[in-house]
2 protein chains.
Amino acid sequence: MTTEPEVPAYRPPTLTDVAKLAGVSVATASKAINGRGEVRSSTRVRVLEAAELLSFAPNALARGLLSGRTGTVGLLTSDLEGRFSIPILMGAEDASGAGQVSVFLCDARGDAIREKHHVQALLSRRVDGLIVVGSRTDPRPPLAGTIPVPVVYVYAPSADPADISITVDNVGGGRLAIEHLLACGRRAIAHITGEAGFQAARDRAEGAAAALAAAGLPMVGDRPYFGSWDESWGRAAAHMVIEQHPEVDAIFCGSDQIARGVLETLRDFGRDVPRSISVIGFDNWEAIAADSRPRLTSIDMNLKHLGEVAGQRLFAAIDGAAPSSEEFPGRVVMRESTLPVG
Amino acid sequence: MTTEPEVPAYRPPTLTDVAKLAGVSVATASKAINGRGEVRSSTRVRVLEAAELLSFAPNALARGLLSGRTGTVGLLTSDLEGRFSIPILMGAEDASGAGQVSVFLCDARGDAIREKHHVQALLSRRVDGLIVVGSRTDPRPPLAGTIPVPVVYVYAPSADPADISITVDNVGGGRLAIEHLLACGRRAIAHITGEAGFQAARDRAEGAAAALAAAGLPMVGDRPYFGSWDESWGRAAAHMVIEQHPEVDAIFCGSDQIARGVLETLRDFGRDVPRSISVIGFDNWEAIAADSRPRLTSIDMNLKHLGEVAGQRLFAAIDGAAPSSEEFPGRVVMRESTLPVG
DNA sequence: CTGAAAGCGCTTACAG
DNA sequence: CTGAAAGCGCTTACAG
């Protein structure tokens with residue numbers, strides 16, 4: 001049995017190939033291609049034509065080795081499946097401009113070991129910086145070990161205030177929701193939300209309470225109904241609220257899924273939304289909010305924008321800018337579930 | 001105004017640093033760290049300690065430059081926001097093993113120009129291969145230009161049968177759904193689905209028709225109700241079906257969102273699910289299917305597995321394996337909306 | 001067992 | 001305006 005001759009693997013063209021074809025030195029070819037240094041224009045044209053002909057694509061590895069910059073950024077997420085990471089990730093990708101920068105994606109799945117591993121892999125690939133995306137708004141421990149490149153935390157802030165964290169103002173979001181309901185003429189407002197163990201739930205509730213207090217109004221039931229983030233809880237909690245406080249004329253829900261459950265129970269009770277009672281959700285999750293009956297008004301956290309800002313901050317930090325954190329307000333996306341009462 | 005002295009940027013430790021600290025040559029340090037060549041064990045220990053002390057992480061760029069392999073794969077998606085890409089992406093990431101391989105993520109957003117641009121960026125970073133994830137099952141044109149590395153298409157197959165495509169068997173999925181309804185004792189089955197312009201809609205309908213024909217049963221309404229993929233269409237179509245064909249005892253929906261709309265209308269009509277009529281969805285989208293009332297039985301396309309297989313195929317192809325495509329069946333995830341009739 | 005040397009593909013002073 | 005040479009950080013024959 002003889003060894004088959006190796007099929008010669010396709011070898012991408014190098015600058016040397018281009019230079020040879022154009023009849024110049026690699027140094028000149030390099031300058032021509034990068035528009036650096038003085039090159040006679042006829043020479044440049046010849047080089048560019050050769051590069052075109054060979055479909056030459058400069059080897060970014062070799063460049064990175066020289067310059068120390070790789071034009072590459074690491075994106076560390078903890079829940080790729082979770083819907084919060086994705087818009088952030090898209091924003092970050094947008095911020096990286098039309099392909100000047102490429103993004104390495106890693107999912108640590110909330111596992112510290114895996115995270116350390118990924119950071120190591122990213123660092124050995126010499127990323128110029130890191131973006132760390134969390135899946136809930138509770139502060140997280142900063143990346144372990146010494147990280148030789150800038151790091152930006154998004155959605156979930158770093159517990160270290162010296163780090164750069166780009167976050168959502170959930171207290172403000174809660175306030176926004178209540179203010180919108182007040183603007184719609186509502187006065188008897190309840191708040192049904194997710195697990196109290198989540199900072200997001202507590203923050204939104206705090207904002208809601210503050211806005212009601214500012215208006216001199218009590219919260220229906222006297223406190224938020226903490227439970228879980230899903231429809232079942234929305235259904236169950238709405239049931240309680242309606243029975244115990246039939247005067248309720250608006251419900252602020254901590255998530256769109258809760259709001260869907262609330263809508264369902266309200267229909268069971270024959271309460272018309274929005275004529276008899278208004279409902280507002282949180283997250284503005286299109287698939288949940290945009291096609292319900294009635295369509296759901298919701299607070300949008302502008303996650304994509306958050307990602308864009310994170311990307312911009314990271315690039316600024318790479319270029320030497322001082323670290324600074326920022327918190328962004330959400331916005332009300334109005335649909336039919338809160339139409340102002342005549 | 002004087003120029004500030006440059007703050008000396010942090011320089012990651014190199015193999016030379018490690019070798020110096022261990023008192024050996026870089027060649028020996030390299031062998032010790034990679035476990036290659038004969039190195040006295042006391043020497044190896046000394047080198048490894050030095051590496052540990054300096055937190056040395058080998059420069060993957062330099063390695064890649066030498067070996068021609070970067071341990072890096074490009075993931076080209078066309079709709080990052082779309083929920084189909086994400087599980088596939090996770091599967092592909094899983095297949096890449098515990099960080100041996102890192103994934104470059106790019107979103108072309110269905111734009112050919114952007115796609116070309118990203119491919120170029122990926123290629124110049126010398127990825128070892130590419131995974132192309134589509135957002136619908138219609139065949140897509142293969143990547144433009146000569147791609148010097150293996151490519152695997154997932155979900156959306158390449159129009160070129162010589163390419164490697166890993167896809168879902170949607171015809172089989174439609175068949176599965178009908179067979180499940182038949183197994184539940186249903187005989188008068190309607191099919192409400194998305195736009196006929198989607199191969200996925202046509203394939204599922206084809207499978208459904210075949211399974212009904214095999215059972216010697218007609219499809220209620222004589223043809224599928226093509227419309228759109230959302231809840232509104234589910235509500236409207238169910239309305240029609242119920243009014244025109246009150247004998248219907250099961251509805252196969254082309255998406256979970258359609259199924260949610262159908263459930264809502266059935267409740268409006270006082271039709272009990274699943275006692276009076278069964279409903280099955282498609283996609284098994286947790287957020288939509290898992291917490292409805294009743295919870296929704298659905299066809300799961302095993303997208304994550306698709307991604308894993310795509311990753312494995314890519315790595316095999318990188319190692320020289322012959323290209324081969326594969327189509328995977330979905331599976332029924334049973335919940336309460338189809339409980340067999342007593 | 002260890003190390004000097006060449007080289008991966010590129011860029012950047014520095015001569016000419 | 002052009003090119004020879006050095007070097008980025010590593011690995012791999014090849015001597016010793």
Side-chain angles (χ1 to χ4, degrees), chain A residues 8-48 50-51 54-72 121 123-128 148, chain B residues 8-48 50-51 54-72 121 123-128 148:
Chain A
Y10 170 89
R11 192 180 58 80
T14 71
L15 191 58
T16 307
D17 300 327
V18 174
K20 214 167 280 174
L21 183 59
V24 298
S25 71
V26 280
T28 301
S30 170
K31 287 171 206 153
I33 283 179
N34 297 301
R36 234 186 285 288
E38 309 298 297
V39 180
R40 209 196 317 172
S41 72
S42 66
T43 310
R44 179 177 30 250
V45 170
R46 209 144 29 88
V47 171
L48 293 179
L54 298 175
S55 309
F56 170 73
N59 186 327
L61 275 65
R63 278 184 165 170
L65 200 50
L66 267 297
S67 70
R69 284 272 185 103
T70 55
T72 274
L123 256 23
S124 81
R125 287 184 172 79
R126 296 296 186 266
V127 293
D128 297 329
Chain B
Y10 171 90
R11 192 180 59 80
T14 71
L15 191 58
T16 308
D17 299 327
V18 174
K20 214 168 281 172
L21 183 59
V24 298
S25 71
V26 281
T28 301
S30 170
K31 286 170 207 153
I33 283 178
N34 296 301
R36 234 187 285 287
E38 309 299 297
V39 180
R40 209 195 317 172
S41 72
S42 66
T43 310
R44 178 175 34 249
V45 170
R46 210 146 24 92
V47 171
L48 292 180
L54 298 175
S55 309
F56 170 73
N59 186 327
L61 276 65
R63 277 185 166 170
L65 199 51
L66 269 296
S67 70
R69 285 273 185 100
T70 54
T72 274
L123 255 24
S124 80
R125 288 185 172 78
R126 294 298 186 266
V127 292
D128 297 329

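Just so it is clear: chains get the letters A, B, ... in the order the sequence lines come, proteins before strands, and each one is counted from 1.
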Legend entry - Chi angles and distances behind the side-chain contact (heavy atoms from CB on, under 4.5 Å) call for Leu123(A), Val127(A): CA-CA 6 Å; Leu123(A) 256 23; Val127(A) 293; 4.2 Å; yes
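- With rounding to the nearest 0.5 Å, the separation of CG in Leu61(B) from OG in Ser67(A) is 9.0 Å.
- With dG9(C), dG3(C), dG9(D) as the candidates, the nucleotide lying closest to the side chain of Ala62(B) is dG9(D).
- Checked against dG9(D), dG3(D), dG3(C), the side chain of Thr28(A) finds its nearest nucleotide in dG3(D).
- Helical stems in DNA chain C, defined as runs of 3 or more consecutive Watson-Crick or G-U wobble pairs with donor-acceptor distances under 3.5 Å: C:1-3 with D:14-16, C:5-12 with D:5-12, C:14-16 with D:1-3.
- Across all strands, Thr43(A) comes closer than 4.0 Å only to sugar-phosphate atoms, never to a base (heavy-atom distances).
- Between the NZ atom of Lys20(A) and the C1' atom of dC10(C) there is a distance of 15 Å, given to the nearest Å.
- In this structure, the CZ atom of Arg126(A) is 11 Å from the C1' atom of dC10(D), given to the nearest Å.
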Pull out every protein N or O sitting under 3.5 Å from an N or O of nucleotides 11-15 of chain C, one pair per line with the distance.
{"residue": "dT11(C)", "atom": "OP1", "partner": "Asn34(A)", "partner atom": "ND2", "Å": "3.1"}
{"residue": "dT11(C)", "atom": "OP1", "partner": "Arg63(A)", "partner atom": "NE", "Å": "2.7"}
{"residue": "dT11(C)", "atom": "OP1", "partner": "Arg63(A)", "partner atom": "NH2", "Å": "3.2"}
{"residue": "dT11(C)", "atom": "OP2", "partner": "Ser30(A)", "partner atom": "OG", "Å": "2.7"}
{"residue": "dT11(C)", "atom": "OP2", "partner": "Asn34(A)", "partner atom": "ND2", "Å": "3.4"}
{"residue": "dT12(C)", "atom": "OP2", "partner": "Arg36(A)", "partner atom": "NE", "Å": "3.3"}

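- Atom CD1 in Ile33(B) sits about 8 Å away from atom P in dC10(D), given to the nearest Å.
- Nearest heavy atom pair, residue Asp17(B) against residue Pro12(B), reads OD2-O, 4.4 Å.
- Of all non-hydrogen atoms in Ser30(B) and Leu15(B), the two that sit nearest each other are CB-CD2, 3.7 Å.
- Neither OP1 nor OP2 of dG9(C) sits under 4.0 Å from any side-chain N or O of Thr14(A).
- For the pairing with Arg125(A), the side-chain hydrogen bond (donor to acceptor under 3.5 Å, both in side chains) check across Thr70(B), Thr72(B), Asn59(B) returns one residue only, Thr72(B).
- Taking atom CG of residue Asp17(B) and atom C1' of nucleotide dC8(D), one finds them 13 Å apart after rounding to whole Å.
- Summary of the strand contacts: Arg46(A) and Leu65(A) both lie near DNA chain D, and taking for each the nucleotide with the nearest heavy atom, the more 5' one is attributed to Arg46(A).
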Legend entry - Worked check of side-chain contact (heavy atoms from CB on, under 4.5 Å) between Thr28(B) and Arg46(B): CA-CA 11 Å; Thr28(B) 301; Arg46(B) 210 146 24 92; over 6 Å; no
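- Nearest approach of Val18(B) to Ala51(B), heavy atoms of both residues: CG1-N, 3.8 Å.
- Minimum heavy-atom separation, Phe56(A) to Thr14(A): CE1-C, 3.5 Å.
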Cut-off 3.5 Å, no hydrogens considered: what does the side-chain donor-acceptor table look like for residues 35-45 of chain B, sequence neighbours left out?
none

